[in-house]
Amino acid sequence: MAGEAQCLSYTGCNFLRQRMVLATLSGRPLKIRKIRAKEEDPGLRDFEASFIRLIDKVTNGSRIEINQTGTTLYYQPGLLYGGSLEHDCSASRGIGYYLESLLCLAPFMKHPLKIVLRGVTNDQVDPSVDVLKATALPLLKKFGIDSESLEIKINRRGMPPKGGGEILFACPVRKVLQPVQFTDPGKIKRIRGTASPGFGMCLTAETINGTILSAELASNPQGQGAAVLPEELGQNCAKLLLEEIYRAEESEMQGSPPVCKERIEFLRHLRSFFQIMFKIETKTTEEEHMGGEKVLMTCVGIGFCNLSKTMR
């Protein structure tokens, strides 16, 4: 177990999920102070508290301490355990808010994870379950997590503010992940979409090299904003997908430049938790002959492995 001297300290509420996920994988204790300390309603929000409870559920032996005002969080991670679980997500954020982090943690559990998440499946803030199912699962397969037991199943849908949706996420465990080289997205070979009346639309474009680009739009929740015609929603979603194809970037980075603030912060966190550094090279439009400006990111991994999974 990591010692107190190795504890990483941060301030503010930004990037809480990133920090807790990397702390869990690295085994390094984490302390976050001054969480909305200057706001009228200081401390952790309900959706963040729900996320912390979820992390506690999927681990064994974690130590979590929160002060009375909720402005300071101390987290000493335990071992990723997995198993069959259920969790009620906060209706103020989408299930995608929680599922994104589980996708990073699930392959390194002691037991295959099979979890039921309840809450909002489609909203205008977080990635929908549809877009994560269409893009994240193929991405995991590139890293060698290719199994019939890998699935995201939507049992029922839910919209804010009441939620009511339910999904099942199942993922096998792996000892190590396969290294990847991903420099040529390839040309588009097919476009598919999912439209859910009253919830929204998700469009995906698949390239000849297996890259999945996506765009989505959610309908306005009942009683919030003007009703959007299905035709208008479809046209706007198609425009977003065309922008994604032009940039030829990963689907989860929708609407952002090649290196946005969140990505830069994630690279800094990787350096802090794992001492991993990326070399970043800018590729101009003239060099690539297509699309917008791109960057080439290269790193040497640390050989991270699942210590809970025995070799067979």
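On a predicted model such as this, the values are computed, not experimentally measured, just so you know.
The same ILVMFWY cluster, assembled from side-chain heavy atoms under 4.5 Å apart, contains both Leu102 and Phe143. Placement of Leu80 and Tyr75 within a single hydrophobic cluster is found when ILVMFWY residues are connected by side-chain heavy-atom separations under 4.5 Å, directly or transitively. Hydrophobic clustering, with ILVMFWY side chains joined whenever heavy atoms are under 4.5 angstrom apart, groups Phe266 together with Phe278. Put simply, Leu25 and Val176 are part of two different groups of oily side chains (I, L, V, M, F, W, Y) that touch within less than 4.5 Å, one to the next. Linking Ile, Leu, Val, Met, Phe, Trp and Tyr residues whenever their side-chain heavy atoms come within less than 4.5 Å leaves Leu22 and Val300 in two separate clusters.
Put simply, the side chain of Asp126 never gets that close to the backbone of Arg93: no donor and acceptor are under 3.5 Å apart. In this structure a side-chain-to-backbone donor-acceptor pair under 3.5 Å is missing from Asp56 to Ile52. Checked by atom type and distance alone, the side chain of Arg45 pairs as donor or acceptor with a backbone atom of Gly43 at under 3.5 Å. In this structure a side-chain-to-backbone donor-acceptor pair under 3.5 Å is present from Tyr98 to Ser90. Judged purely by atom type and a 3.5 angstrom limit, Ser50 has no side-chain atom pairing as donor or acceptor with the backbone of Asp46. The backbone N or O of Glu86 sits less than 3.5 Å from a side-chain atom of Lys57, completing a donor-acceptor pair. Asn306 places no side-chain N or O within 3.5 Å of a backbone atom of Lys110 that could act as its donor or acceptor partner.
Within 6.0 Å of CD in Glu39 there are more than 12 heavy atoms belonging to other residues, nucleotides or ligands. For Lys189, the NZ atom is densely surrounded, since the number of other residues' heavy atoms within 6.0 Å is greater than 12. With a 6.0 Å radius and a threshold of 12 heavy atoms from other residues, nucleotides or ligands, Lys114 has its NZ atom at or below the threshold. Atom CD of Glu148 has 12 or fewer neighbouring heavy atoms from other residues, nucleotides or ligands inside a 6.0 Å radius.
Applying the side chain to side chain contact (heavy atoms under 4.5 Å, CB included) criterion to Ile302, with sequence neighbours excluded, gives Phe274, Ile276, Phe304.
A distance of 13.0 Å separates OG1 of Thr298 from CE of Met277, quoted to the nearest 0.5 Å. Here Gln124 contributes atom CD and Glu216 contributes atom CD; the two are 10.5 Å apart, rounded to the nearest 0.5 Å. Atom OG1 in Thr69 sits 9.0 Å away from atom CG in Leu44 (nearest 0.5 Å). Taken from CD1 in Ile152 to CG in Leu168, the straight-line distance is 9.5 Å, to the nearest 0.5 Å. Note that the CE atom of Met109 and the CG atom of Leu79 stand 11.5 Å from one another [nearest 0.5 Å]. The line from CG of Leu267 to SG of Cys299 is 9.0 Å long, rounded to the nearest 0.5 Å.
Considering Leu213, Leu241, Ile212 as possible partners of Thr204, the one that fulfils the side chain to side chain contact (heavy atoms under 4.5 Å, CB included) test is Ile212. The one candidate from Leu85, Leu99, Ile167 that meets the side chain to side chain contact (heavy atoms under 4.5 Å, CB included) condition with Ile115 is Leu85.
Between Arg36 and Glu48, the closest side-chain pair of non-hydrogen atoms falls below 4.5 Å. By the 4.5 Å heavy-atom criterion applied to side chains, Ser147 and Arg174 are counted as neighbours. Contact of the His269 side chain with the Tyr10 side chain is registered, since non-hydrogen atoms from C-beta on lie closer than 4.5 Å. At a threshold of 4.5 Å between non-hydrogen side-chain atoms, the residues Arg192 and Glu206 do not count as touching. With contacts defined as side-chain heavy-atom distances shorter than 4.5 Å, the pair Ser128/Val131 qualifies. For the pair Met201/Leu217, no side-chain contact is recorded, criterion being any heavy-atom separation below 4.5 Å from C-beta on.
Residue pairs that meet the salt bridge (Lys or Arg N to Asp or Glu O under 4.0 Å) test with at least one member in residues 153-168, sequence neighbours left out, are Arg118-Glu166, Asp130-Arg157, Arg156-Glu166.
Residues Leu233 and Ser219 come closest through the heavy atom pair CD2-OG, 4.1 Å. The shortest heavy-atom contact between Val21 and Cys104 is CG1-CB, 4.1 Å. Taking each heavy atom of Ala37 and Thr71 in turn, the nearest pair found is CA-CG2, 4.3 Å. Closest heavy-atom contact between Leu132 and Gly96: CD1-CA, 3.8 Å. Across every non-hydrogen atom of Gly12 and Ile32, the tightest pair is O-CG2, 3.2 Å. Here the closest heavy-atom approach between residue Pro107 and residue Ile145 is recorded as CG-CD1, 3.3 Å.
The aromatic rings of Tyr81 and His111 stand perpendicular to each other, their planes meeting at an angle above 60°, with 30° marking the opposite boundary.
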Checklist entry - How far apart are the C-alpha atoms of Arg28 and Arg19, what are their side-chain angles, what is the distance that settles it, and do they pass the side chain to side chain contact (heavy atoms under 4.5 Å, CB included) test? => result CA-CA 10 Å; Arg28 300 193 64 175; Arg19 292 164 179 170; over 6 Å; no

Checklist entry - Stepwise, does the side chain to side chain contact (heavy atoms under 4.5 Å, CB included) test hold for Phe51 with Met20? => result CA-CA 10 Å; Phe51 176 77; Met20 291 200 68; 4.1 Å; yes

Checklist entry - Checking side chain to side chain contact (heavy atoms under 4.5 Å, CB included) for the pair Cys89/Tyr97: CA distance, chi angles, key distance, verdict? => result CA-CA 9 Å; Cys89 305; Tyr97 174 85; over 6 Å; no

Checklist entry - Which is it for Leu139 and Leu103 under the side chain to side chain contact (heavy atoms under 4.5 Å, CB included) test, yes or no, and what are the steps along the way? => result CA-CA 10 Å; Leu139 186 60; Leu103 287 163; over 6 Å; no

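Under 3.5 Å, the side chains of Glu262 and Asn14 contain no donor-acceptor pair of N or O atoms. For the residue pair Thr207/Asn209, the side-chain donor-acceptor check at 3.5 Å is not satisfied. For the 3.5 Å distance criterion, the side chains of Ser196 and Asn122 fail to qualify, holding no donor opposite an acceptor.
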